[in-house]
**Q** 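Please read through the structure below; I'll follow up with questions.
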Amino acid sequence: MKFNAMFQPIEIGPMTVKNRFVVPPMGNNFANTDGTMSEQSAAYYRERAKGGFGLITIEATVVHKGAKGGPRKPCLYDDSTIESFRKVIDGCHAEGAKVSIQLQNAGPEGNAKNAGAPITAATSIPSVCGRDIPKQLTTEEVYELIKGYGEAARRAMEAGADAVEIHMAHGYLVSTFLSPRTNKRVDEFGGCFENRMRFSRLIIEEG
Ligand SMILES: Cc1cc2nc3c(=O)[nH]c(=O)nc-3n(C[C@H](O)[C@H](O)[C@H](O)COP(=O)(O)O)c2cc1C
């Protein structure tokens, strides 16, 4: 039979996943407006685990207060939401799946009105979707955000997650540092390739 490997276990770091079927992160707006996971979130993810997926990635989860892109986005910038994630993860584990959480800061794709804070980016260049002009992060703020990723990863582990994934694409915050089109910074986070990669590298090291 073709694709035999799809049904074989795979080791990813310290984690053994029972097969190669992975649910990618997909926002579903089932989270509660206070950033906790809802009963509906738990039922949704457990159903995917029941279906046989080896690894389930929980949708884009907000890493920093003030960076919430929508009213029903799950959040991990505060300890108060950990318990609700644990319920989701326990349900998936009970069906034999491993769980990863995608950590996200929406950056210029965010929603200032919803988050109660200005949207931010590497440089004050709006996203291609033509939203508001984001505020350029100061160097100090960039280092604070890096710490926030580490704290959110710690909360994910406390909730029982097997892994985290950092959202670095789709025009959200990290990707604004990677591209010379959206990164015109003159500090250590802008300019040459190594500098533009520094934010993502330090986030990974912090986790
Ligand atoms: C409803 C919906 C929500 C999504 N939410 C996210 C998300 O939270 N994070 C992300 O990185 N991608 C998100 N995506 C993109 C999917 O993860 C992406 O389509 C998938 O990785 C591509 O797989 P495919 O080629 O099998 O479609 C979303 C896609 C859909 C359809």
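Residues: numbered from 1 along the sequence shown. When a ligand or atom number is given, it counts from 1 through the structure's own listing order.
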**Q** Could you identify the single nearest non-hydrogen protein atom to atom 9 (N) of ligand 1 and state the distance to 0.1 Å?
**A** Q102 OE1, 2.8 Å
**Q** For atom 25 (O) of ligand 1, is the nearest protein heavy atom closer than 4.0 Å?
**A** no
**Q** Could you tell me the residue and atom name of the protein heavy atom closest to atom 29 (C) of ligand 1, and the distance to it rounded to 0.1 Å?
**A** M26 CG, 3.9 Å
**Q** Is atom 5 (N) of ligand 1 touching the protein, meaning some protein heavy atom lies under 4.0 Å away?
**A** yes
**Q** Can an N or O of E165 be found at a distance shorter than 3.5 Å from an N or O of ligand 1?
**A** no
**Q** Pick one of side chain, backbone, both or neither for how Q104 approaches ligand 1, counting any non-hydrogen atom pair under 4.0 Å.
**A** neither
**Q** When you measure from the side chain of T57 to the backbone N and O of V23, does any donor-acceptor pair fall under 3.5 Å?
**A** yes
**Q** Side chain of N105, backbone of V174: donor and acceptor closer than 3.5 Å?
**A** no
**Q** Report the C-alpha separation of Y45 and E59 in whole Å, then their side-chain angles, then the decisive distance to 0.1 Å, and conclude whether the side chain to side chain donor-acceptor pair (under 3.5 Å) test is met.
**A** CA-CA 10 Å; Y45 284 111; E59 71 208 77; 2.6 Å; yes
**Q** In this structure, is the centre-to-centre distance between the rings of F189 and Y143 below 6.0 Å?
**A** yes
**Q** Is a side-chain donor or acceptor of R196 paired with a backbone partner of L178 at a separation under 3.5 angstrom?
**A** yes
**Q** Is F30 reachable from I82 through a run of hydrophobic residues whose side-chain heavy atoms are each under 4.5 Å from the next?
**A** no
**Q** For A31 and P74, work out which heavy atoms get closest and say how close.
**A** CB-N, 3.6 Å
**Q** List the closest protein heavy-atom neighbour of atom 3 (C) of ligand 1: residue, atom name, distance to the nearest 0.1 Å.
**A** G27 N, 3.3 Å
**Q** Distance under 4.0 Å to a non-hydrogen atom of A60: what atoms of ligand 1 satisfy this?
**A** 8 (O)
**Q** E59 versus ligand 1: do any nitrogen or oxygen atoms come within less than 3.5 Å of each other?
**A** no
**Q** Counting distance only, does the side-chain N/O of T33 pair as donor-acceptor with the main-chain N or O of R72 below 3.5 Å?
**A** no
**Q** Considering non-hydrogen atoms of the protein only, which is the closest contact for atom 14 (N) of ligand 1, and what is the distance?
**A** P25 O, 3.4 Å
**Q** Is there at least one protein heavy-atom neighbour under 4.0 Å from atom 17 (O) of ligand 1?
**A** yes
**Q** Name the closest protein heavy atom to atom 21 (O) of ligand 1, giving the residue it belongs to and the distance to 0.1 Å.
**A** P24 CB, 3.5 Å
